[in-house]
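One structure is given below, encoded as structure tokens.
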Amino acid sequence: MFKSMKWPLALVVAGAIAISVCILFFLSLKEHESQVTALQRDYTFGLAAMVAEDLSDEMRALPLSVDAIKAELNTLSSQSNVIAIHIFDADRQLVTYAYFNDDKAVGSEAIAALPVFGQGAHVWEKRLVAVKKIDYEGRVLGNVVITSQLADFIAENRTALINRTLPYVFLIVCVFVLFAVWMMGRYLKPLQALSRFTESISQSKNYTARFEHTAHYEVARLGKSINSFIDTIEVELTINQEQNDTLVEQQQTMMRLANYDSLTGLPNRQFVVDNLRLELARVRRSKGDLALIFFDLDGFKGINDSLGHETGDLILIEVADRVNNLLCEGDLVARLGGDEFIIVPDREVADVALHNLAQNLIDAFTEPFFLRGMALTVGVSVGIAKASDANFELSQLMSNADLAMYRSKARGRGTYTLFTMDMVESHKRKMSIANSIDNAVQHDELLVYYQPKIDMQGDIVGLEALIRWRHPEFGLIMPGEFIPIAEQGGKVSAITYWMMERVCMELPDLQMLLPSPFRVAINLSGHDLRHTNLFDDIHALFERYQVDPQYFEFEVTESAYLENFANADRFFKRLSNLGCTVALDDFGTGYSSLSYLTRITIDTLKIDRQFIRDMDSSNRCRLVTSAIIDLANRLSLTVCAEGIEHASQWQYLAKHGCDHMQGFLFSRPVPLGEMLNLPDNFSHLISHRK
Ligand code: C2E
Ligand code: MG
Ligand code: MG
């Protein structure tokens with residue numbers, strides 16, 4: 001109702017002043033009345049006394065002269081307030097009376113009043129009745145009773161008084177009220193300023209402002225208190241702001257840590273997973289499609305192991321840079337962990353576009369990385385999968401891309417593969433094989449096939465023991481399929497042990513079949529060479545089956561040997577000491593540097609099948625093959641060529657001094673039972689074709 005407390009306060013003060021003045025005025029009137037009454041009483045009684053004195057003589061006369069008395073009374077007619085005068089004799093009998101102002105009503109009253117009132121002036125029925133004895137020398141002659149106006153007299157006086165004083169009273173009230181309002185305004189002004197100040201603070205939130213009005217009393221203290229409140233708020237706000245900044249910073253750091261890879265600065269798995277989930281839902285709704293490209297670095301583990309993790313980290317940073325340069329705006333690249341990366345291209349999912357992107361990705365890695373003075377070439381294996389093939393399910397999509405990537409790796413690295421549904425089947429088969437290896441070893445589902453190695457005279461000088469698996473569901477499985485799976489599952493050592501034991505058991509039969517000295521070659525994988533008890537196990541088997549170690553050769557690939565060099569070298573030296581020989585399998589396909597040949601413990605080089613296969617068509621292959629033979633001869637190593645299918649290959653190898661040969665031309669790998677069918681000598685094959 002009121003905007004400022006000034007007005008209700010002014011009203012209260014004005015009311016209080018008015019009421020006080022009215023009360024005072026009323027009390028003054030009352031006082032005035034009582035004074036007028038007392039005055040009138042004295043006057044009337046005095047008048048009665050005077051009349052009594054004057055009538056003393058007339059009242060002693062005998063007989064009484066009523067006319068004289070009356071004449072005396074009439075002299076009082078000028079008395080304005082006197083209404084009536086009654087004269088009584090000593091016996092209280094009315095002698096005469098006089099009425100002024102024609103008020104006859106008082107006659108009987110006066111007569112009645114005489115016995116009631118004693119001498120004196122009395123207020124009676126709004127009138128004043130004065131009774132005075134008329135006496136002479138102590139003898140009572142009668143009574144004078146004067147009745148005079150009182151109420152009207154008082155009223156007249158009051159009215160006159162009011163008329164005289166009321167304007168002054170009103171003026172005083174007004175002056176006081178105005179003064180009070182002015183004082184109120186004056187004293188409330190700082191309070192209003194304070195109120196405006198607090199209002200402006202609450203609106204502007206500017207806590208640097210302070211109340212600077214020169215106020216007094218409580219308002220000054222209130223102003224100070226408010227200022228100190230604002231001080232506290234300002235300090236608290238500063239602290240809050242600092243804490244808030246720290247929190248925001250921490251939140252951002254946590255966001256970065258949670259969503260970004262600290263090494264490369266690329267988004268991490270979490271980020272990609274979260275985004276992909278939304279993106280998949282979006283493309284499913286819009287009936288679109290989305291592609292995912294997985295890639296990892298070929299041989300990254302080797303770099304980490306040989307050159308240290310710092311170099312590995314530098315490569316990963318460089319990889320992130322190269323891939324980023326390759327992508328367009330909107331494409332997403334992230335590091336999933338280790339050397340695994342993912343790209344979510346923001347472009348059409350047409351096969352051609354994906355093939356181009358994947359090829360560009362592979363091409364981006366043909367240039368070597370120049371790090372710490374070294375030029376390192378690191379390839380990538382790429383797998384591509386489409387959301388529509390995974391029913392738009394994230395885990396399925398990732399697993400499909402992963403499968404495609406592993407297919408690229410299996411195909412020889414530095415390649416890309418687009419996921420196809422048959423990969424799921426082959427993956428399932430892989431899983432099933434991986435899960436049943438233990439069972440296969442325990443329940444003798446494995447088989448040994450032997451493939452003869454022939455010398456230049458056509459005689460069998462050795463047999464390579466090659467494993468097969470008669471799987472209850474999949475039929476005969478070749479080692480090329482299940483050995484890598486066993487290696488990945490860490491189960492290859494059990495297979496090697498089974499193989500060794502089986503060959504030891506069958507060796508007496510082989511000795512009967514092949515009268516001239518020969519060696520049985522056992523293939524070892526890189527995982528076997530990490531298994532430190534392998535030598536003891538082999539030695540124990542030789543002991544148990546009373547086998548001469550000179551019947552054994554061990555084949556190992558150059559990569560398996562070199563990746564576990566220390567272990568492998570010690571292991572092969574110990575085997576050599578027993579009388580076994582060592583052959584370097586698939587020579588020519590692995591390491592490019594030949595310097596390691598001077599450091600390793602081997603007796604034979606087995607030229608990889610791919611050189612022999614292409615020998616007829618490629619002069620380069622023929623040259624490499626002859627160079628390998630020459631190299632082996634110079635290093636005093638035996639050379640064995642594998643994969644000979646045609647006599648022409650045999651002839652070329654024989655001409656260049658190859659020691660031993662192995663291939664379908666002579667015999668496919670066969671089980672022990674079929675060894676009986678093998679001829680004693682294979683020279684007829686060669687001479688026949690000549
Ligand atoms: P490898 O040690 O290089 O064995 C030679 C492979 O070449 C054998 O394949 C053999 O059947 C095949 N081969 C021989 N001559 C010819 C030919 O004229 N033409 C063609 N096309 N192929 C020929 P297989 O038996 O399938 O073995 C494949 C690989 O599996 C082996 O290559 C070896 O690395 C591995 N392996 C076989 N048995 C074992 C084993 O008991 N343990 C381990 N760790 N690996 C084994
Ligand atoms: Mg071999
Ligand atoms: Mg081989």
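This structure is a prediction, so every number in the text was calculated from the model and none was measured. Whatever order the structure lists them in is the order used to number ligands and atoms, beginning at 1.
- Each of the atoms 3 (O), 5 (C) of ligand 1 lies under 4.0 Å from some heavy atom of Glu642.
- For an aromatic pair to be called close, the ring centres must be under 6.0 Å apart, and Phe587 with Phe611 fails this.
- Both tests do not hold together for Arg519 against Tyr551: distance to the six-membered ring centre under 6.0 Å, angle to the ring axis within 45°.
- Under a 4.0 angstrom heavy-atom cut-off, Glu487 registers as lying outside contact with ligand 1.
- Looking from atom 11 (O) of ligand 1 to the surrounding protein, the closest heavy atom is Pro669 CG, 3.4 Å.
- In this structure, atom 24 (P) of ligand 1 lies nearest to the protein heavy atom Pro479 CG, 3.8 Å.
- At a heavy-atom cutoff of 4.0 Å, ligand 1 is contacted by no atom of Lys606, backbone or side chain.
- For ligand 1, the atoms lying closer than 4.0 Å to a non-hydrogen atom of Gly643 are 15 (N), 16 (C), 17 (C), 18 (O).
- Protein heavy atom at the shortest distance from atom 45 (N) of ligand 1 is Asn523 CB, 3.6 Å.
- The Mg ion (ligand 3) has no N, O or S atom of Glu555 under 2.8 Å away, backbone or side chain.
- In Asp586, the part holding a heavy atom less than 4.0 Å from any atom of ligand 1 is the side chain.
- At least one N/O/S atom of Asp585, whether from backbone or side chain, sits less than 2.8 Å from the Mg ion (ligand 2).
- Residue Thr496 places no N or O, backbone or side chain, under 3.5 Å from any N or O of ligand 1.
- For Asp608, every N, O or S atom stays at 2.8 Å or more from the Mg ion (ligand 3).
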